[in-house]
Colleague: 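A single structure is presented below for examination.
Here is the naming used below: chain letters follow the sequence lines, and residue numbers restart at 1 for every chain.
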Amino acid sequence: MSAFSPDAVREFAQTWLPMRLAAAERFAIAPLPTPGEEIWRYSRIDQLDLDRFSPAECVTDVAMGGSRDSAGALLVEDEPELFANETPDVYAELNRAFMSPTVIRVPAGMTIAEPIIVTHSISGSGTAVFPRLVIDAGPDSEVTVVERFVAAPDTDGDEALVVPVLQVRAQQAARVKYLAVNEVGINTWQVGNQQAVGERDSTTLLATVTLGGDYVRARTEARLSGQGASTKQVALYFAGGTQMHDFRTIQDHDAPNTNSDLLFKGAVQDHAASVYTGLIKIRKHANGTTAFQTNRNLTLSEGAWAESVPNLDIETNEVKCSHASTIGPIDDEQRFYLESRGVRPEVAERLVVLGFFEEVISQLPAGAIADDLRTRVANKLDLVKQPEKALA
Amino acid sequence: MSTLEIKGLWASVGEKEILKGIDLTVRSGEVHAVMGPNGAGKSTLSGVVMGMPGYDVTAGSVTLDGEDMLSMPTWQRAVAGLHLIMQYPTEVPGVMLDDVLVEALKSRERSSDGLEQLLRDEADRIGFDNQLLQRPLNVDLSGGEKKRNETLQLAVLAPKIAILDELDSGLDIDALRACARRVEAMSNESVGDSEPLGVLAITHYSRLLHELKPDFVHILAQGHIVKSGGPELAVQLETDGYATFAGTAEASAESSSALDDLFSI
């Protein structure tokens, strides 16, 4: 019996059982994806052996700036309709069956000044967890949510599987800022889905920072469903060792006069790999739309590789649309310029890489964590580049 | 007294010889102007002395106070006391001026206490907008602002010898005056126990030299210094142009190869 069968669901959960069972049954008969499929191309998904894992409840902590009461009892877990998103792949289906949900509902007109921090502690030893975060921002409300994926203490080297789902709904004129920070352990696999829907005149920021994991994939989709909606997707990823970071992005314009922007910047070193594939989809009725997509990659070692594949699917003419994509090593002229001031080569490299990421870091919500991220990126660079010094 | 000594320097880009035996000596407090037409090898000279990638030194030596510069990586040459002001200062997105200067001072084992105030003072002195101190290096700066930024770094790092690669290109007359006067002042004054700055100013036009008074002028053509003299040489150039001196370069010197040089650099 598979650890993820309908029977396993019965043992695992009491809540929303019909929904979970139906999902588990669909999963049981669905074929597992392979890199032969376009959407999984270049991925390592064929190396994921589900039999090595068993489902567990996700350990999640939610912290808010003020007390929970003053924020208006925002965290609720209720009706299953909340989870009625699309299921783009079998892993999202599996999340539906075994989900550990967190729901943040912001009432109409409410502004929550302090970021809400949701932290998932991933404990290792073969556990699979399925966190699902639902952010439902009511009309004219405003909220910032940071979702952190971290290794539980002393489990950094353990094998674990994380299959998160994010659902964001920004109702009319709502402002939602979301940031995912991935710092899971070095032997952790993550296969995630993010889906945001922006209704009329709403503004949504979906930000992702990925530093951890063995193989970490995120499919991130922003659908602009109401006139005047704007979305922005940004990401910073930095893979070293034999890590692989794998991003699939979708900007789906499903209403007129909508704006989307996307900036994904990544670096790979050692034998690490990264994949970016992005799609801008502009439907027939989405006239007056602007959509931009930029993916830039630094390859810091000979043995590292990055892939970047932008795509456009445009069904109407009245649009303004562009995409740009680059892959390459650190610019020699930038390096020389800094070294000609007397900056040591390894410091020059650190400055250039941090500078490269600064464009993303400066756009992240919850500025307080930005300094911490700069340090973590710098440490990751130094650790691998100068092992002798790191030990000294 | 510091001395930059360039002796019998030959350098090539790929298969092509650009510098064909350069001899130049620059001492503290001296201003040397190296003038020449496009393609003469001016930028190659500055690049080779500072260790810019892409050039091969095939003969000769460059020493600073007897220390071999050519065997050092670029950053050590800077720490030893050389500074290059680039013709087209590179934009380095996301990297802040003060972060770079802190690291540059650290390499020199110099403290960066008071750096912020020093930056403001130096910026005021050359008319560099204080708000621009908070920008990533050279990003979205005008030509004049970039050269002011370069001059600011020169003043803060206070090297022994400065190499100015076409300081006068791409900037307005006010910026040119401000930058040139600052360099001129550094070449005249000793700060603390340090020597006044020695300057190797590489330029195409003599307008820079109206503010930055050269003690020596050298004319570079076809990879050779074809004539050296005092400031009067720059005046003569202004009336006669380079053609007068081109004839004194080797017989094979043709304008077409000068153009080739230009494109291959």
Side-chain angles (χ1 to χ4, degrees), chain A residues 209 234-238 263-267 294-298 300 324 326 328-364 367 370-371 373-378 381-382 385-386 389, chain B residues 46-47 49-55 69 72-110 112 134-139 146 149-150 152-154 156-160 162-163 165:
Chain A
V209 172
V234 300
L236 178 169
Y237 48 100
F238 186 7
L263 176 67
F264 273 46
K265 290 185 116 173
T294 304
N295 173 234
R296 302 202 183 283
N297 299 279
L298 279 181
L300 300 175
T326 55
I330 286 183
D331 185 274
D332 276 342
E333 289 183 18
Q334 293 181 13
R335 191 200 299 265
F336 175 76
Y337 184 78
L338 298 185
E339 291 181 15
S340 75
R341 314 289 110 161
V343 175
R344 289 167 183 273
E346 66 274 15
V347 177
E349 180 163 318
R350 190 188 79 209
L351 289 172
V352 171
V353 172
L354 285 173
F356 168 80
F357 283 133
E358 190 58 33
E359 192 184 359
V360 173
I361 292 177
S362 64
Q363 295 187 53
L364 298 179
D371 275 337
L373 282 174
R374 287 186 191 96
T375 306
R376 283 165 192 273
V377 170
L381 196 65
D382 287 349
K385 291 285 163 187
Q386 308 168 267
K389 290 193 182 178
Chain B
S46 66
V49 171
M50 208 63 209
M52 190 182 282
Y55 299 107
M69 291 291 109
M72 288 183 183
T74 293
W75 74 275
Q76 284 179 351
R77 299 183 199 194
V79 170
L82 294 184
H83 188 92
L84 172 65
I85 288 194
M86 294 174 80
Q87 182 177 5
Y88 302 110
T90 310
E91 296 189 7
V92 193
V95 178
M96 299 297 160
L97 172 65
D98 56 348
D99 287 342
V100 171
L101 290 176
V102 165
E103 295 295 347
L105 291 170
K106 206 183 279 175
S107 300
R108 291 164 173 82
E109 296 181 358
R110 280 168 55 189
S112 44
Q134 308 305 323
R135 289 269 189 87
L137 275 178
N138 297 316
V139 175
K146 282 181 183 170
N149 188 3
E150 289 285 280
L152 180 73
Q153 294 177 42
L154 173 71
V156 169
L157 295 175
K160 292 172 178 164
I163 303 152
D165 187 9

Colleague: For B:Leu154, which atoms come within 4.5 Å of any heavy atom of chain A: side chain, backbone, both, or neither?
Modeller: neither

Colleague: Under the side chain to side chain contact (heavy atoms under 4.5 Å, CB included) rule, collect the residues that match up with A:Arg335, sequence neighbours excluded.
Modeller: A:Ile330, A:Asp332, A:Glu339, A:Glu349

Colleague: For A:Arg374, which residues count as a salt bridge (charged side-chain N to carboxylate O under 4.0 Å, His left out) partner, sequence neighbours excluded?
Modeller: A:Glu358, A:Asp371

Colleague: Report which part of A:Val352 has an atom under 4.5 Å of a heavy atom belonging to chain B: side chain, backbone, both, or neither.
Modeller: both

Colleague: Residues two or more places apart in sequence or in another chain: which of them pass side chain to side chain contact (heavy atoms under 4.5 Å, CB included) with A:Thr375?
Modeller: A:Asn379

Colleague: Can you say whether B:Leu157 sits under 4.5 Å from chain A via the side chain, the backbone, both, or neither, judging by heavy atoms?
Modeller: side chain

Colleague: Can you check whether A:Gln334 reaches B:Pro93 side chain to side chain, under 4.5 Å on heavy atoms?
Modeller: yes

Colleague: Taking atom CD as the centre, does A:Gln363 end up with more than 12 heavy-atom neighbours from other residues, nucleotides or ligands that are less than 6.0 angstrom away?
Modeller: yes

Colleague: Using non-hydrogen atoms and a limit below 4.5 Å, what part of residues 74-81 of chain B faces chain A?
Modeller: B:Thr74, B:Trp75, B:Ala78, B:Val79

Colleague: Can you name the nearest heavy-atom pair linking A:Phe336 to B:Met50, along with the distance?
Modeller: CE1-O, 3.9 Å

Colleague: Check whether any side-chain heavy atom of B:Val95 sits under 4.5 Å from a side-chain heavy atom of A:Tyr337, and report yes or no.
Modeller: no

Colleague: Can you tell which part of B:Pro159 gets under 4.5 Å to a heavy atom of chain A, answering side chain, backbone, both or neither?
Modeller: neither

Colleague: I need the residue from A:Val343, A:Leu338, A:Asp331 with the largest number of non-hydrogen atom pairs under 4.5 Å to chain B.
Modeller: A:Val343

Colleague: Between atom CD of B:Glu103 and atom CZ of A:Arg350, what is the distance when rounded to the nearest 0.5 Å?
Modeller: 5.0 Å

Colleague: With a 4.5 angstrom heavy-atom cut-off, could you sort out which part of A:Leu351 is near chain B: side chain, backbone, both or neither?
Modeller: both

